[in-house]
Amino acid sequence: MHAPKRSPYSGKRVQLMATCLCDAFYDSTALATVEVLEYLGMEVEFPEGQTCCGQPAFNGGDWPSSRKVVRHTLEAFAGDLPIIVPSGSCAAMMFHGAPLAFEKEGDRDAVVALGNRTWELGDFIVNGLGVRSWPGYFDSTVAYHRSCHTRGTGTPEAVATLLRSISGLRLVELGEAEQCCGFGGTFSVTFPHISAAMGELKLDHVGLAMPDVLVSADMSCLMHLGGIAHRDGVPLKAIHFAELLMQALARLA
Amino acid sequence: MKTQPIDAFAEGMTAEMRAAVHEGSKIGHEKRTKLLFDHYANPNRLRQLAGEIKQHVVENLDTYLPALESRLVANGVRVHWASTAESACEAVHGILKARGARRLVKAKTMVSEEIELEKYLSDRGIESLETDLGEFIVQLDHDRPSHIIKPIMHKNRRQIADLFERHGLGPYDDEPAVITQRARQFLRHKYLEADACVTGANFMVAETGRMVIVTNEGNSRFCLAGTPCHIALVGIEKIVPADRDLGLFLNLLARSGTAQQLTVYNEFILGPRGAGQPDGPEEVHVVFVDNGRSDVLASECRDILRCIRCGACLNVCPVYRQASGHAYRGPYSGPVGAVLSPLMLGERFAEKADLPKASSLCGACNEVCPVDIPIPDLLLRLRDKAFALGIRSPGTPPMGAWAVLASHPVAWRAAMAGGAILNYLPTKLVPVRALRAWESSRDLPEWRGGAFRSWFKRHAKAPASGPNDHG
Ligand code: SF4
């Protein structure tokens, strides 16, 4: 994974990339992202023209379609402000996937520059803003699913650092943590059997760790796991870590 | 709906086989990780260094190969070049025929699986016997290896004990020690009856012409000690520049492949038995096999030629764990096979264009690879290649309509608000057909299209509630 090396951010304004998943299903995650950033003193802009990062077509092999969407994203996020996205997967698409898809394109430099501005939320809070502890209170056992597209980036360590710092919160590890939840975008559609079996394995480990809440930096993983759990009739409380941060703040003594 | 062949294979596997593959690969991965991280502060640095060395070799094969050849010749080794599987088999057959050899012992070599040497020789009246325990079991059962390091990953010891009983190797006993002992007894005198041996090679040193073969059972050593003629089948990418590099590579190979600090037997071979040396083959042949590798070299995925065949990417791969090596329809399976196999087919790429699709792109393979191959990137490039060639892929939804919507914000917002975009999101990725596949084992969350956008508008208009600055 190519994750850009960047210096801390000292400005005040950021752009939010809400992701198509939050646009469609998880407004609560996008909302929490805004509130968390505002709590940290950021002014959040939401470029209205944004749609999707282009990853579905990229992973599916239709790179021309993907490039079309990335070029649109390039326009939608004009400027040079940091772009904050509550998804490790969409962030990785911007700084790793898109430059790969643009290897032979004349506008690759612009795409690389876009990627260099794009931060996954947890990575931005800890490595961009230098925040290493989170106030508030969260009296629960929490398991953190390290979503695959955050491998090799600052996100896993950043999110774990924030979670560990919250008073009352007990962080538990999941077994076989390196194993993918089985979502994988198009993969879950084209390999329904293997994808579901991978999800069941992850849920078995969640069952063993018995957290009150499962969090992740990617709603796509949680949607996949939540969907399987629901189908199996197993209760699963799964939220984006930004929502947990908000809930901890709400209980700020 | 037509499903992907690998998914269909996984679905049809017996519970016994799935359990065997899952246990074997999980243990292999966990031991490997512990050993590397217990002994090195930063094993990733070692993987990167090894990757840089091998990438350098791959990019300079045109100078390394002739340099190696002249060292080998100077050392008294006879060198053969085979551009196809067929010509590699012919080369081996030619050597055997010249010596009047009829019986062959083989130490494990993936290249011989690749070129289907056993069948070629048996059609010509030459018997070849596998001496690696796993390969021996595979041969006895007329099966195929399902893992590049552990060929019988898919079998459990009860099945092996059964097999031995059926073949008269002793009454049923599934103790691993007994199984090993029986195979050993059977094989021991075969080495002495054989006229020649065939092995692979793990590394070929360009600087010295030294050939390195590693095994845990010592069977390669018996092969070399017991037969007068040694034939090594070597993929053209097996080179390391200098003897000095072996420290790094033998270390990483053993740790990544079998979670050992060093493989038990390491053979370093410079050439045939010299004057005054009591043992060793009087003839040593190296058959360099291309068989599609130069196609790989010419492609944008040449990084895969760094591979040292450790099997770590198979062990960690969640798809391999569910589907087994047999699902990949060839000797190379798992992540490395998904890149290598279709490319080695050259013009016939389409026959295995489904392999690079068999990945959630989770990146675990890259994280464990001792030569740091960016396997997910290579899988993606092959998907792009398949798409550009117009190869249809079962179940993959067309993305054209989605791309139009996603590059027209007004249409996108309308579709979001109306819920019409449901069919165009990565969750359920386009058409209804795909939606059904997604829903076959999951339930969808509630549709809230546009909700965040309206909230943000209200939020932005509201008088600043005084965002804090606790940062
Ligand atoms: S690709 Fe890497 S991890 Fe996989 S077998 Fe080759 S060297 Fe080992």
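Heavy-atom basis, side chains included; hydrogens, waters and symmetry copies ignored. Note on naming: letters A, B, ... go to the chains in the order of the sequence lines (proteins, then strands), and numbering restarts at 1 for each one.
Ring planes of A/Phe46 and B/Phe452: perpendicular class, angle over 60° (limits at 30 and 60°).
Note that the CZ atom of B/Phe387 and the OG atom of A/Ser66 stand 10.5 Å from one another [nearest 0.5 Å]. For the atom pair CD1 of A/Ile194 and OG1 of B/Thr3, the computed distance is 10.0 Å after rounding to the nearest 0.5 Å. Note that the CE atom of A/Met198 and the CZ atom of B/Arg321 stand 10.0 Å from one another [nearest 0.5 Å]. Atom NE2 of A/His193 is separated from atom CD1 of B/Ile6 by 13.0 Å, given to the nearest 0.5 angstrom. Separating the CH2 atom in B/Trp412 from the SG atom in A/Cys20 is a distance of 5.0 Å, to the nearest 0.5 Å. Distance check: B/Lys26 NZ to A/Glu176 CD gives 4.5 Å after rounding to the nearest 0.5 Å.
Contact between B/Gln4 and A/Thr190 at its shortest, heavy atoms only, is CG-O, 3.3 Å. A pairwise comparison of heavy atoms in B/Phe456 and A/Glu45 identifies CZ-C, 4.3 Å as the closest pair. When all heavy atoms of A/Thr51 and B/Pro409 are compared, the closest pair comes out as CG2-CA, 4.2 Å. Between A/Asn59 and B/Arg383, the closest heavy-atom pair is O-NH1, 2.6 Å.
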- Tell me, with the steps shown, if B/Lys357 and A/Thr186 meet side-chain contact (heavy atoms from CB on, under 4.5 Å). CA-CA 9 Å; B/Lys357 296 271 182 183; A/Thr186 19; over 6 Å; no
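Taking B/Asp377, B/Val319, B/Val404 one by one and counting their heavy-atom pairs under 4.5 Å with chain A, the maximum is reached by B/Asp377. Among B/Asn44, B/Asp384, B/Thr33, the residue making the largest number of heavy-atom pairs under 4.5 Å with chain A is B/Asp384. For chain A, the option among B/His22, B/Glu30, B/Glu367 with the highest count of heavy-atom pairs below 4.5 Å is B/Glu367. In terms of heavy-atom pairs under 4.5 angstrom with chain A, the leader among B/Ala8, B/Cys317, B/Ala10, B/Pro356 is B/Ala10. Between chain B and the options A/Leu37, A/Asp62, A/Ile125, the largest number of non-hydrogen pairs under 4.5 Å is found for A/Asp62. When each of B/Ala388, B/Ala451, B/Pro318 is scored by its heavy-atom pairs under 4.5 Å with chain A, the top score falls to B/Pro318.
Annotation: side chain of A/Cys148 is not in contact with side chain of B/Leu361 (no heavy-atom distance under 4.5 Å). Within the 4.5 Å cutoff, the side chain of B/His408 has no heavy atoms near those of the A/His72 side chain. A heavy-atom distance below 4.5 Å is found between the side chains of B/Leu380 and A/Phe58. Between B/Arg381 and A/Leu100, the closest side-chain pair of non-hydrogen atoms falls below 4.5 Å. Using a 4.5 Å heavy-atom cutoff, the side chains of A/Pro56 and B/Met399 are in contact.
Of the possible polar contacts, none joining the A/His149 side chain to the B/Gly363 backbone as a donor-acceptor pair under 3.5 Å is found. Side chain of B/Arg453 to main chain of A/Asp23: no donor-acceptor pair is present (N/O by atom type, distance under 3.5 Å, no hydrogens or angles). Judged by distance alone, with hydrogens and angles left aside, the side-chain atoms of B/Arg413 form a donor-acceptor pair with the main-chain N or O of A/Glu48 at under 3.5 Å. A donor-acceptor pair is defined here as one N or O able to donate and one able to accept, closer than 3.5 Å; no such pair exists between the side chain of B/Ser360 and the backbone of A/Gly184.
In this structure, no portion of B/Pro374 lies under 4.5 Å from any heavy atom of chain A. Looking at B/Ala386, there are no atoms closer than 4.5 Å to chain A (heavy atoms on both sides), in backbone or side chain. If you measure heavy-atom distances from B/Ser359 to chain A, the contacts under 4.5 Å come from the backbone alone. For A/Ala18, the part sitting under 4.5 Å from any heavy atom of chain B is the side chain, from C-beta outward, and nothing else. For A/Lys104, the part sitting under 4.5 Å from any heavy atom of chain B is the side chain, from C-beta outward, and nothing else. In this structure, the portions of B/Ala358 lying under 4.5 Å from any heavy atom of chain A include both its backbone and its side chain. Contacts between B/Glu11 and chain A at a heavy-atom distance below 4.5 Å involve backbone atoms as well as side-chain atoms. Within the 4.5 angstrom heavy-atom criterion, no atom of A/Val70 approaches chain B. Proximity to chain B is limited to the side chain of A/Glu103, based on heavy atoms less than 4.5 angstrom apart. Contacts between A/Leu201 and chain B at a heavy-atom distance below 4.5 Å involve the side chain alone, from C-beta outward. Residue contact with chain A, scored on non-hydrogen atoms closer than 4.5 Å, is absent for B/Lys385. Heavy-atom distances place the side chain of A/Leu16, and not its backbone, under 4.5 Å from chain B. With a threshold of 4.5 angstrom between heavy atoms, B/Val316 approaches chain A through its backbone and through its side chain. Interface residue B/Asn366: only side-chain heavy atoms are found under 4.5 Å from chain A. Using a 4.5 Å cut-off between heavy atoms, A/Glu43 makes no contact with chain B at all. Both the backbone and the side chain of A/Leu31 come within contact range of chain B, judged by heavy atoms closer than 4.5 Å. Using a 4.5 Å cut-off between heavy atoms, A/Tyr26 contacts chain B through its side chain alone, with no backbone atom that close.
When only modelled atom types and interatomic distance are considered, A/Gln179 and B/His29 share no side-chain donor-acceptor pair under 3.5 Å.
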